[in-house]
Each structure stands twice: as C-alpha cells, then as structure tokens.
Amino acid sequence: MTSRLLFLAGFVLACRLLPGQESELVQPKATPEDRAEGQRIFGTQCSYCHGPKGEGGQGAVLALPQLSHAPDDLSLFRVIRDGIAGTKMPASALAPNQIWQVVAFVRVLGRVEAAKLTGDPARGRQIYATKGGCARCHTMGGHGGGIGPDLSDIGTRQNAAQVRTSLLDPDASVPLDFLQVRVVTKDGHSFTGVRVNEDSFSIQIRDLSNQFHSFWKSELTEISKEPRRSLMPSFRNTLTPGELDDLIAYLESPQGGK
Ligand code: HEC
Ligand code: HEC
C-alpha cells in the first residue's frame with residue numbers, strides 16, 4: 001500500500017519537474033507525413049492571412065529563406081504558439097506537435113526558389129539613383145535620405161511581388177510606423193510628414209525634405225492622420241515595365257545595397 005502511494009507521489013513529482021512547457025520545446029524530427037499535415041493545418045488556419053504558398057497578404061510573406069521574427073525553428077515555434085503582440089498575428093490553440101508540423105511546412109515554403117527575375121540589376125541600380133529618385137527618401141547601403149525605410153535588406157523582407165506592389169501602389173500597405181500626418185498651425189502654416197513621435201501635448205513629424213518639426217498641440221488648429229496614405233509616389237506612370245523589372249531585380253539582388 002505504502003509503496004503504491006510512494007510511486008504515485010513520485011509520479012506526480014516527476015510530472016511537476018518536467019512541465020509540458022519544456023518538453024514541447026524539443027523539436028521532433030519531421031517526416032513527410034508531418035509536413036503534409038502541417039500543410040493541411042496551414043491551409044485552414046494560416047493561409048487566409050499568409051496566402052496558400054506563404055506569398056503574403058494580410059499577413060507577412062513566409063516564402064522567404066529568412067524570417068525576421070523566426071531566425072530558427074524554436075523561435076518559429078514560439079511565434080506560432082504565442083503570436084506577435086501588437087500585430088494581427090494571433091496566438092494559436094494548436095497542440096505542440098501540430099505546431100511542429102506547421103513549422104516543418106513553413107520551412108518548406110522558405111525553400112521555394114525565388115521566382116526568376118528577368119530584370120537587370122545593374123540597370124536597376126542606375127534607375128534607383130537617377131530616374132527613380134529613390135535615394136531622396138530611402139537609405140541604401142548607408143547612403144541616401146531618411147524619410148522612408150532603409151532598403152539595404154529589402155530583399156530579405158519583401159519578395160519581388162511585394163516590392164512591385166510597393167512601387168505601383170504604395171498606399172496599399174503602409175506600415176504603421178510611417179503614419180502620414182498633416183498639421184496646421186494657428187498662424188495658418190501647414191506641414192505634412194511622417195509622424196516620429198506623439199504624446200498628449202506635442203507631436204513631432206519629419207517632412208519630405210527630411211526636416212524635423214516639433215509642435216505643441218495647443219499651437220495647432222488641425223491634426224489629420226492618414227493611415228492609408230503613403231508619402232511615396234506611385235511609379236506606375238513614371239517608370240516603364242522594363243525599368244520596373246530592372247529596379248526590382250536590383251532591390252532583390254543579394255548585393256543590393258552593399
Ligand atoms: C489574422 C491574420 C493572421 C493569421 C490567421 C496568421 N497570421 Fe501569421 N502573421 C500575421 C501578420 C499580420 C504578421 C506580421 C506581424 C508583424 O507586423 O510583424 C504575421 C507574422 C507571422 C510570422 C513572422 C514572419 C516573419 O517575417 O518573421 C510567422 C512565422 C507567421 N506569421 C506564421 C503564421 C502561421 C504558421 C499561422 C497559422 C498557424 C499564422 N501565421 C496565422 C497575420 C496572421
Ligand atoms: C517621397 C519619398 C519617397 C520616394 C521618392 C520613394 N519612396 Fe519608397 N517609401 C517611402 C515611404 C515613406 C515608405 C514607407 C511606407 C509607405 O509609406 O508606403 C516607402 C516604402 C517603400 C518600400 C516598402 C519598404 C518596406 O520596408 O515596407 C519600398 C520597397 C520602396 N519604398 C521602394 C522605393 C523605390 C525603389 C523608390 C524609387 C523608385 C522609392 N521607394 C521612392 C517614401 C518614398
């Protein structure tokens with residue numbers, strides 16, 4: 001009787017010492033069946049945001065060799081389990097072994113060979129510097145303006161299709177950290193730029209010529225925010241299709257800004 005009780009106590013203790021949290025973090029070796037099951041789960045729970053092939057949509061592109069939030073499989077597991085706070089990426093209720101199956105499938109997506117780019121990166125580099133005027137707003141390899149995001153590593157963050165969307169239709173997906181604001185001061189001057197900072201009493205913006213402005217809200221008669229408007233012009237009518245291909249090949253090339 002006592003030995004059975006002791007055994008039970010020992011069992012309970014062992015369960016306490018090996019909490020599920022820890023053991024689930026040991027990655028099982030994925031079989032082809034696991035990847036197939038991962039694909040099935042992905043199709044029902046992830047693809048409506050990330051696209052069936054991880055090509056992106058409301059959610060980030062996953063068909064990339066490197067994911068910024070998930071450089072290794074364990075961090076990928078955690079991103080899927082916990083979601084990304086402050087974004088639309090939700091936590092998931094999947095069991096740990098199912099999450100590992102999804103991890104295995106997401107890594108397959110990342111291996112998908114980048115679509116063959118037809119443009120010429122050397123010509124694209126020229127267009128970037130001249131006709132495109134991109135350096136006015138973007139930094140590349142440490143050179144250029146500062147109002148837009150640094151494009152040195154754009155090839156690892158966006159695939160060719162997304163870069164094309166950014167160029168043709170910049171308003172389609174404006175990241176929140178590039179919120180465009182327009183303010184009007186009491187003496188009638190108006191300023192448009194990207195919001196750098198804001199609190200209850202003041203707001204700071206950076207305008208197109210990269211000038212920094214700070215205002216007390218009490219000095220302003222208007223603050224309008226345009227979350228879906230980009231400061232970046234569309235290049236739909238200013239660049240030819242061939243020039244766009246060259247530019248995209250340049251931005252996607254590994255030696256991009258280097
Ligand atoms: C409601 C939409 C939505 C659903 C459903 C969703 N995601 Fe996401 N996911 C997002 C968004 C949005 C982001 C980008 C978050 C950010 O701004 O960093 C993201 C980011 C990620 C990232 C990080 C990408 C990177 O570049 O580091 C991974 C990995 C990911 N999701 C995997 C999944 C998987 C796997 C599923 C299904 C289990 C899933 N997501 C379901 C919207 C979603
Ligand atoms: C007048 C300033 C301006 C010019 C000129 C401009 N951009 Fe932008 N660009 C921005 C801003 C601001 C963003 C930030 C997101 C948004 O508002 O769409 C951006 C976003 C982008 C993005 C998405 C980057 C990301 O991390 O999401 C790409 C790619 C891009 N620009 C490429 C270019 C290229 C290539 C050119 C030249 C052909 C160019 N831009 C010209 C201001 C500009």
Side-chain angles (χ1 to χ4, degrees), residues 49-51 53-66 68 112-182 190-196 205-213 224-258:
C49 286
H50 289 285
K53 296 191 176 119
E55 64 271 39
Q58 194 190 340
V61 181
L62 301 180
L64 288 172
Q66 284 169 32
S68 54
V112 172
E113 212 192 331
K116 281 263 171 291
L117 297 175
T118 50
D120 173 358
R123 274 203 310 259
R125 190 190 185 98
Q126 284 298 314
I127 295 162
Y128 182 96
T130 56
K131 190 172 174 190
C134 319
R136 190 155 68 87
C137 297
H138 291 282
T139 310
M140 181 69 119
H143 303 284
I147 197 172
D150 190 325
L151 295 181
S152 308
D153 63 344
I154 188 69
T156 66
R157 288 186 290 117
Q158 294 194 348
N159 61 23
Q162 280 188 310
V163 170
R164 191 177 295 275
T165 305
S166 293
L167 292 171
L168 294 180
D169 199 5
D171 292 343
S173 63
V174 181
L176 265 187
D177 42 341
F178 287 94
L179 181 70
Q180 176 173 327
V181 290
R182 178 168 171 272
S190 84
F191 298 84
T192 300
V194 166
R195 181 178 65 177
V196 179
I205 67 174
R206 195 190 291 283
D207 72 14
L208 273 182
S209 51
N210 214 16
Q211 291 272 93
F212 184 83
H213 303 274
S224 45
K225 297 178 185 164
E226 308 203 59
R228 305 220 65 86
R229 273 277 299 283
S230 176
L231 283 172
M232 172 156 150
S234 166
F235 290 91
R236 195 179 288 281
N237 300 320
T238 42
L239 295 177
T240 66
E243 287 172 332
L244 276 168
D245 286 344
D246 293 341
L247 194 52
I248 292 167
Y250 168 56
L251 294 171
E252 290 291 316
S253 68
Q255 60 280 42
K258 279 127 236 153

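The analysis underlying the following values was restricted to heavy atoms, covering all of them including side chains, and did not include hydrogens, waters or symmetry mates.
- The CD1 atom of Ile154 sits 7.0 Å away from the CG atom of Leu251 when rounded to the nearest 0.5 Å.
- Side-chain contact check for Asp169 versus Arg236: some heavy-atom pair is nearer than 4.5 Å.
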Start with the C-alpha distance between Asp245 and Arg164, add both sets of side-chain angles, then the distance that settles salt bridge (Lys or Arg N to Asp or Glu O under 4.0 Å), and finish with yes or no.
-> CA-CA 9 Å; Asp245 286 344; Arg164 191 177 295 275; 2.8 Å; yes
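- Between the CD1 atom of Ile127 and the OG1 atom of Thr238 there is a distance of 11.0 Å, given to the nearest 0.5 Å.
- Heavy atoms only, all atoms of each residue included: Asp171 and Ser230 are closest at OD1-N, 2.8 Å.
- More than 12 heavy atoms of other shown residues, nucleotides or ligands fall within 6.0 angstrom of atom CD in Glu243.
- For the pair Arg195 and Ile205, the tightest heavy-atom approach, listed with the atom from each and the gap, is CA-CG2, 4.2 Å.
- Side-chain atoms of Ser152 come within 3.5 Å of backbone atoms of Gly141 as a donor-acceptor pair (strictly under, hydrogens ignored).
- Looking at heavy atoms from C-beta onward, Ile248 lies in side-chain contact with Leu167 at the 4.5 angstrom threshold.
- With values rounded to the nearest 0.5 angstrom, Phe235 atom CZ is found 5.5 Å from Cys134 atom SG.
- Gln180 places a side-chain heavy atom less than 4.5 Å from the side chain of Thr192.
- At a threshold of 4.5 Å between non-hydrogen side-chain atoms, the residues Arg182 and Phe191 do not count as touching.
- For Ile147 against Phe178, the heavy-atom pair with the smallest separation is O-CE2, 3.1 Å.
- Nearest heavy atoms, Ala249 versus Asp120: CB-N, 4.1 Å.
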Evaluation steps, side-chain contact (heavy atoms from CB on, under 4.5 Å), between Val61 and Glu55 | CA-CA 5 Å; Val61 181; Glu55 64 271 39; 5.7 Å; no
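- Separation of atoms CE (Met232) and SG (Cys137) is listed at 9.0 Å; rounding is to 0.5 Å.
- One finds the CE atom of Met140 at 8.5 Å from the CG atom of Asp150 (value rounded to the nearest 0.5 Å).
- A donor-acceptor pair shorter than 3.5 Å can be found between the side chains of His213 and Asp207.
- For the atom pair OH (Tyr250) and CG (Leu151), the distance works out to 9.0 Å, reported to the nearest 0.5 Å.
- At distances below 3.5 Å, not a single donor-acceptor pair connects side-chain atoms of Ser253 with backbone N or O atoms of Pro121.
- Closest heavy-atom contact between Leu179 and Glu226: CD1-C, 4.1 Å.
- Nearest heavy-atom pair across Lys53 and Ala63 is O-CB, 3.6 Å.
- Side-chain N or O atoms of His50 include none that pairs as donor or acceptor with a backbone N or O of Gly57 at under 3.5 Å.
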